[in-house]
4 protein chains.
Amino acid sequence: MPDATRRSEQSRRAILDAALTLLAETDYAKMTIEAIAARAGVGKQTIYRWWRRKGEVILEALTGQATPVVLPDSGDLEADLREVVRATVAEFGDPRLSATTRALTVEMLSDDDLAGQVRDRLLRPQLDAVRDRLAVAREQGQIRTDADLGLVVELIFGPIFHRWLLSNGPLTPAYADGLVDHVLAAVRP
Amino acid sequence: MPDATRRSEQSRRAILDAALTLLAETDYAKMTIEAIAARAGVGKQTIYRWWRRKGEVILEALTGQATPVVLPDSGDLEADLREVVRATVAEFGDPRLSATTRALTVEMLSDDDLAGQVRDRLLRPQLDAVRDRLAVAREQGQIRTDADLGLVVELIFGPIFHRWLLSNGPLTPAYADGLVDHVLAAVRP
Amino acid sequence: MPDATRRSEQSRRAILDAALTLLAETDYAKMTIEAIAARAGVGKQTIYRWWRRKGEVILEALTGQATPVVLPDSGDLEADLREVVRATVAEFGDPRLSATTRALTVEMLSDDDLAGQVRDRLLRPQLDAVRDRLAVAREQGQIRTDADLGLVVELIFGPIFHRWLLSNGPLTPAYADGLVDHVLAAVRP
Amino acid sequence: MPDATRRSEQSRRAILDAALTLLAETDYAKMTIEAIAARAGVGKQTIYRWWRRKGEVILEALTGQATPVVLPDSGDLEADLREVVRATVAEFGDPRLSATTRALTVEMLSDDDLAGQVRDRLLRPQLDAVRDRLAVAREQGQIRTDADLGLVVELIFGPIFHRWLLSNGPLTPAYADGLVDHVLAAVRP
DNA sequence: ATGTAATCGAGACGGTACGTCACGTCTTGTT
DNA sequence: AACAAGACGTGACGTACCGTCTCGATTACAT
């Protein structure tokens, strides 16, 4: 219904910026639609007009600032995985950065539709990049041919997420390396 | 401050039962403290007197009904793991059962303290049971000696949780079996 | 803080009407802010936005329906006073009408600010009307020149209020007449 | 039902003292049954067992400390009235003392039964003392024989109460004297 | 002197209302 | 038409007291 051609880009940016600021500065509980609107100097209706839920605002704010995922391909699979896994583990370990993950996860749990969007728009590139790298390795014979690459990707990111949510152990480079070791052991020919 | 010796066991049970009923019957958003109190025929203060947050009520309700974890030890590690992983995958795949996981996860994300309690009281027994089974297998030489058993446990449960949260694929017995296959491949001597 | 220009006149009227209805129908103890809001079909916040206490709602409701005070001036001071005093005594004697006086008095006793408003907005017109009538009579030589007219007004209304509050005797026309007799005796030249 | 012979005089005194202390120290709104019990170091039930409402506690606390009313009879009616009216006006003018009047008045307005008790037990002695003094004066020919002494008493105390409740003017000795003047003018033969 | 029954302190309990917060919708000018 | 502003009905929040109730632990009376 809303006419996107008339949309104020200025308000849109103010809202997304306000959302990111509030995510970084305050408790997630304080990050309400009203707070975003107030912080952005925007009417609440302007938010409701363009997004259906708070989670979508957060998602768009995050996708906007996401750096395009480029996975290195040095030829050395283990080194390449180590790099990406170390980076991911570091991100989950950083309280500042993981605040956004917290927020997004809560929203995903309340809205299946959003969960799909987060998966496809935010995470898929990352997951696919790893998968693609694994596919290359498989073609090069570094990985057994019957390995389920989608599952292998989950073997990498699932444990990190699990450990992060449960505070089930330290999120250190050593942990990242151990994880890579075990996953590679699972797929080596 | 409250005097636990004078606590009404009847009210406590009514509250925990009401919480479970609401979790099973309704949307998580409708599962408010007021709704629990009303359903239990109890004053709100009686809830606030004994629990600090809704998540603690849910946790206690769930721990109360948790069946003690017994992991089979048939001598066949793969068969044993298959059984427990299939059961876990089935649980996450069942919308009814996973409603409680949703609720608890949301609460954990809002309260680190609760996250610790959930980990230690609810999940630890399950995780440790698997770990213990792996330890037995390692002593029997079915697993390489340098495997990090804690990490292996995460390799099993992390992907399930990851797939469930992201709706990243079907949660079927076949998936469970594939997961066990890959994990075992990682740890076989 | 609230923007009075955007105020809903419809809600305002519904609230004041509900307040009057509840005063007439129910016990004063049941006349809560929540009950007013429910009866008016209005959010509690809409009451709190525009009034600070229940007493202010009642005051505004009563001033809204107050009939303008017109004191007769037949030339016969005694007859005129008799009329107004009889009416006042009848009002205090009527359980229905005195319910509002009860309510308002309780509120006045809990809030000095409100007491002043009730005095100035609700009672002052009545008191001043009597005082003015007395002033006319004084100019006509029917009242001694050194009479303190403010005090004379209190001599009239004070005893009525006193008797009403203490149930210290009947509130009848005969009482009204006796009161007028004595007060006039006090001020005749 | 309760057996008064077993009643703890110590608790009774503690409750009445606590009530008076709270009346003097705090806002009337903070003077709850729970606050009295806590301050007195007494169980709530001990209050409910012996009094039906908060107002009765206050009443008993006040009657307990009331000084017996003795009205002077110097032979000079005007001087005698001036004394008692000045004292009354001073009491109403003192914020500390009038706090108890406030409390009691609120309770009276919520409970007719209590109103009667306050009238008969607390105020009657004072009112009757004045009335008796007036009766003596009437026998001595200082007051016209057809004066309604009950009404005259109301002419004295009603205006004070009225002025106090409405903050309708200063409560000073000059006011007291003016009041006596006018009342005496009303009853002189 | 010794049960035994009521009072006592303490405070948990089911309720009701409080006053606040944020929701998502709506209305009112402004741009 | 979108916008800032914010009032609106709704409903949950967490708190304060209400008046009732159950708990041992003192009492003080009747056996």
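Below, read A as the first sequence line, B as the second, and so on, with proteins coming before strands; counting in each chain starts at 1.
- Between F:dT27 and D:Ser8, no contact under 4.0 Å exists linking OP1 or OP2 to a side-chain N or O.
- You won't find any donor-acceptor pair under 3.5 Å spanning the side chain of C:Arg6 and the base of E:dT27, going by distance alone.
- Heavy atoms of B:Arg7 sit under 4.0 angstrom from primed sugar atoms or phosphate atoms, though from no base atom.
- Toward the 5' end of DNA chain E, the nearer of the two residues C:Tyr48 and D:Ala40, judged by each one's closest nucleotide, is D:Ala40.
- For the pair B:Thr46 and E:dG14, the criterion of a side-chain N or O lying under 4.0 Å from OP1 or OP2 is met.
- Two residues are said to be in side-chain contact when any heavy atoms from C-beta on lie closer than 4.5 Å; C:Arg52 and C:Asp113 meet this criterion.
- Spacing between atom CD1 of D:Ile15 and atom C1' of E:dC8 amounts to 10 Å, rounded to whole angstrom units.
- With B:Glu9 as the partner, the salt bridge (Lys or Arg N to Asp or Glu O under 4.0 Å) test is satisfied by one option alone out of B:Arg12, B:Arg7, B:Arg6: B:Arg12.
- Comment: B:Arg96 does not engage B:Glu25 in a salt bridge, judged by the lack of any side-chain N to carboxylate O separation of less than 4.0 angstrom.
- Using a 4.0 Å heavy-atom criterion, one finds that C:Ser11 contacts the sugar-phosphate atoms exclusively.
- Regarding A:Gln10, its CD atom lies at a distance of 12 Å from the C1' atom of F:dA4, rounded to whole Å.
- One interatomic measurement links the two molecules: NZ of D:Lys30 to P of F:dC18, which rounds to 13 Å at whole-angstrom precision.
- In this structure, A:Gln45 atom CD and E:dC23 atom P are separated by 13 Å, rounded to whole Å.
- Between the CD1 atom of B:Ile47 and the C1' atom of E:dG14 there is a distance of 12 Å, given to the nearest Å.
- Between C:Arg102 and D:Asp112 there is a salt bridge, since at least one side-chain N of the basic residue sits less than 4.0 Å from a carboxylate O of the acidic one.
- In the interface, the side chain of D:Lys44 is paired with the base of F:dG19 through a donor and an acceptor atom under 3.5 Å apart.
- Residues C:Met108 and D:Leu166 are in side-chain contact: their nearest non-hydrogen atoms beyond the backbone lie under 4.5 Å apart.
- Put simply, CZ on D:Arg12 is 16 Å from P on E:dT7, counting in whole angstrom units.
- A close approach under 4.0 Å does occur between a side-chain nitrogen or oxygen of B:Trp50 and OP1 or OP2 of E:dC13.
- In this structure, the nucleotide among E:dC8, F:dA12, E:dT25 sitting nearest to the side chain of B:Glu34 is F:dA12.
- What separates CZ of A:Arg49 from C1' of E:dC26 is a distance of 12 Å, to the nearest Å.
- Separating the CH2 atom of B:Trp51 from the C1' atom of E:dA12 is a distance of 13 Å, rounded to the nearest angstrom.
- Of the two residues near DNA chain E, D:Ala38 and A:Arg52, the one whose nearest nucleotide lies more 5' is D:Ala38.
- Candidate nucleotides E:dA12, E:dA22, E:dG9 were compared by shortest atom distance to the side chain of A:Thr32, and E:dA22 ranks first.
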